[in-house]
Protein chains: 2
Amino acid sequence: MTAPLHEAHPSGPGRVLPDTQQGMRRRNLARVMHAVSAEGQLSRAAVASRIGLTRAAVSTLVDELIRSRLLEELGPERPGRVGRPGSALAVSGHGPAGIGAEIGVDHLAVCAVDLRGQVRARAIRHGANRGRSPEPVIDELTELLRQVVAEAKGEGLWPAGLAVAVPGLVARDARTVVRAPNLDWHDTDLGALLPTDFPLTVDNEANFGALAELWLGEGTPPDFLHVSAEIGIGAAVVVAGGLLRGTRGFAGELGHVPVRPEGPRCACGGRGCLEQYAGEEAVLRAAGLEPGEDRVGLLAGRAAEGDAAVRRALRDAGKALGIALTGAVNLLDPESVVLGGALSGLAPWLLPSLEAELDRRTAGPACPVSVSRLGPEGPLLGAAYSVVRAVLDDPAAVAERN
Amino acid sequence: MTAPLHEAHPSGPGRVLPDTQQGMRRRNLARVMHAVSAEGQLSRAAVASRIGLTRAAVSTLVDELIRSRLLEELGPERPGRVGRPGSALAVSGHGPAGIGAEIGVDHLAVCAVDLRGQVRARAIRHGANRGRSPEPVIDELTELLRQVVAEAKGEGLWPAGLAVAVPGLVARDARTVVRAPNLDWHDTDLGALLPTDFPLTVDNEANFGALAELWLGEGTPPDFLHVSAEIGIGAAVVVAGGLLRGTRGFAGELGHVPVRPEGPRCACGGRGCLEQYAGEEAVLRAAGLEPGEDRVGLLAGRAAEGDAAVRRALRDAGKALGIALTGAVNLLDPESVVLGGALSGLAPWLLPSLEAELDRRTAGPACPVSVSRLGPEGPLLGAAYSVVRAVLDDPAAVAERN
DNA sequence: CTAATTTGTAAACGGCCATGACGAAATAGG
DNA sequence: CCTATTTCGTCATGGCCGTTTACAAATTAG
């Protein structure tokens, strides 16, 4: 996991990876893992026909994976058809685990996920982190991490890597937080503060949320737009099953898409950006509420009670979101739009105006809008599962590390 | 060339291509071709270090490619360093050729490009095609095709495929034109009308224009936004060296990105779409001119003369483009924006207001805007070179067809 | 003129998947 | 109940392909 693997990458004319027999073997090991992981349970013969290799070849690959404790033999399948029944294989529930962590504005969380995607251990600590310096926060996180790792080890798992979701911009090295306005952190190298004996990756929580939707959401297509709001409004663009990060890593700044070019000034230098209409601050102001703790819960509560001002504010925000998303949908033609993060809790009041605006304006057929069912857990799960994906993508690498 | 190769594609959990030794060989042949093609001239040893194989392996690969007439041995390199000088290899100038064709609103064009990217034969026929039925147009195109193929064969080339650029929407089969408003063609199967003895691909001219920029433009990055205008305004999104086509193939509809949400109604059902401000019709109206032949040339001429109304119209169009592009740039974070098609001729008067708007509004650092130097030839060259790319991407496939 | 360096090729080697055969374990049909 | 059929997993064999090792050829450095 030296490089983040969940990334679309060029096969451009520059320096290219060699295609040697060892590489072929590694890719085939990965194909077996992916096939079994996707179906949950599969015989060798089924894997063979699925990935296009012969049964004999798959046998040796599976042997190797079982020896590395990445795959488990569950025993003979219940026969339904003629012929000898296959022996069911499943991804191991006692092998490597992905450790995910989230540094939120008012909580810290850590969890361990096994190769099957099951959460096997977790720990949460509530309490505002806004404005605290990194060191004590990381100390607390390290303690949670210790607990979770211990619990996972008790279940026969061993940590294959740690992925940390942070509410801010992360440098390309996937270690240092360039700036996290809500924490007031700048250029913080989590790699130095979090010395672990397994690989570390840091990424934006919105990105991990989108990946969670991609990997763990039910029926999520490989091309979609994941919109989330914490303070800012961000969109993650998922194309062909990979995150589009942009040249400088700044892709997805939906919050600064112009909605009304002559609208109110924005901190970014523009005018009438989406954030001026659908950002947290703007919505609270329009609803006549003061900023404070748990603002989203407050909004949702008032809206549920029937507060007219709040409902109007959310309706207007939905409309602005619809306008901005129209541009995005026309440009990218995604299969769907998913609302995640804080937006999922407010969806009932945002959706009607959002969809109305989007449907009316989109050039082609309407693009379906859905709400994430992972809710606020998305980023944490996505982080943990990103480690699992790295294992599935190159099982040989972790096997030799064990 | 059964499938369009210039496409980002998923490695998703579904059915995956097998990784066999033959496949490895084919990919390594492709790597050698790409390496030599990228540098123009390279020794075996240089290829080996570039693609990460040993000299011995590269030797056998090169032998095979030379036997297939895809590579040529130019003889010993001029020695500059110590050691035995290498033998220069170059992509063949006497092997397969890519044939490109363009069906424009008021012209037809065909050209042949060799593996080195050199145009080796061409034929053009001017004359309005608007409203003519497909058959006579295709007949004329076939005649041009015949000429170009004959000329190419005279130079020792043989056609490896035909790619046709059309001003309209093309179905996913890459053969039938769903609708081309400027030609008034609907559901026209060019595969049936153009029976050739080599593979055929049909695509939108804007897509081919963007690919031409990617493949043949000087210093074009692998991530950029290519904006072009014919009647509508379209953007091609190039990500990681591949075209982003969208789920339904509708990606890039920049013309219907909302610029002013309460602006004038648009045919698409929305309001204030970019096309209402920067579309050809809108600009002509704002400039006080009547629609007619060679509208772009007219605009450019008047603007050059200093016509105030025309200049103002273009300035306003540039501003609207800047607003729409701000959204796209914030969402995608491309390395640059390239203006192509009709826009390249009008760039001097569009650019200032466009860049001003874009720079002011973009959240991150400014995104450079450049003008395509391929100009109106882009789509034709892109089409022809797309065939060449297909050869470079899988040389074994064409070798066995020869 | 010799030593050092680099290139291209040839032969032996080892790894990996395909092929074909075979035993094992189920169903189908008499 | 017994046999033919089907499917699964495995084993031995073979062929393909990149690596390793060695070597001759061609150049520069001194």
Side-chain angles (χ1 to χ4, degrees), chain A residues 16-32 35-36 39 41-67 71-90 395-396 400, chain B residues 16-32 35-36 39 41-67 71-90 395-396 400:
Chain A
V16 187
L17 292 175
D19 211 340
T20 157
Q21 300 185 93
Q22 291 175 32
M24 184 172 76
R25 181 78 176 172
R26 288 172 76 139
R27 282 191 300 275
N28 281 334
L29 288 169
R31 286 193 167 94
V32 171
V36 175
E39 297 300 316
Q41 201 161 309
L42 226 48
S43 70
R44 289 167 175 77
V47 171
S49 79
R50 195 161 300 243
I51 67 178
L53 295 181
T54 59
R55 298 201 308 276
V58 169
S59 260
T60 73
L61 291 165
V62 167
D63 282 353
E64 190 172 333
L65 290 169
I66 288 180
R67 273 200 306 279
L71 236 43
E72 279 175 5
E73 186 122 37
L74 299 184
E77 284 173 333
R78 194 168 42 80
R81 302 168 304 283
V82 285
R84 169 180 168 181
S87 179
L89 300 169
E400 70 195 21
Chain B
V16 187
L17 291 174
D19 211 339
T20 156
Q21 303 183 89
Q22 291 174 32
M24 182 173 77
R25 182 78 176 172
R26 287 172 77 140
R27 283 191 299 276
N28 281 335
L29 288 169
R31 286 194 166 91
V32 171
V36 175
E39 296 300 316
Q41 200 162 312
L42 226 48
S43 70
R44 289 166 175 78
V47 171
S49 78
R50 195 160 301 242
I51 68 178
L53 296 180
T54 60
R55 298 200 309 273
V58 169
S59 260
T60 73
L61 291 164
V62 166
D63 282 353
E64 190 172 334
L65 291 168
I66 288 179
R67 273 200 307 278
L71 238 40
E72 279 174 5
E73 185 121 38
L74 299 184
E77 284 174 332
R78 192 170 44 80
R81 301 169 304 283
V82 287
R84 169 180 168 180
S87 178
L89 300 168
E400 71 195 23

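Scope of the values below: all heavy atoms of this structure, side chains included, with no hydrogens, waters or symmetry mates. Source: prediction; values computed, not measured.
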Of dA18(C), dG18(D), dA26(C), the nucleotide closest to the side chain of P85(A) is dA26(C)
Return the value, rounded to whole Å, for the distance between atom CD1 of I66(B) and atom P of dT9(C).
8 Å
Once you apply a heavy-atom cut-off of 4.0 Å, does R25(B) come out as touching a base, just sugar-phosphate, or nothing?
sugar-phosphate
Note: for L61(A) and V82(A) on DNA chain C, the residue whose nearest nucleotide lies more 5' is L61(A)
What is the distance, to the nearest angstrom, from the CD atom on Q22(A) to the P atom on dG18(D)?
13 Å
Quickly work out the R81(A) CZ to dT7(D) C1' distance and round it to whole Å.
9 Å
Between S59(A) and dT10(D), is there a side-chain N or O to OP1/OP2 distance below 4.0 Å?
yes
Please determine if a side-chain N or O atom of N28(A) lies less than 4.0 Å away from the OP1 or OP2 oxygen of dC17(C).
yes
Which atom of A35(A) lies closest to which atom of I51(A), heavy atoms considered
CB-CG2, 4.1 Å
Evaluate the side-chain proximity of R25(A) to D19(B): yes if any heavy-atom separation is below 4.5 Å, no if none is.
no
Measure from the side-chain heavy atoms of A57(A) and tell me the nearest of dC16(C), dT28(D), dC17(C).
dC17(C)
Using a heavy-atom cut-off of under 4.0 Å over every strand shown, decide if A56(B) touches base, sugar-phosphate, or nothing.
base
Pick base, sugar-phosphate or nothing for R44(B), based on heavy-atom distances below 4.0 Å to the nucleic acid.
sugar-phosphate
Given dA18(C), dT6(C), dC17(D), identify the nucleotide with an atom nearest to the side chain of T54(A).
dA18(C)
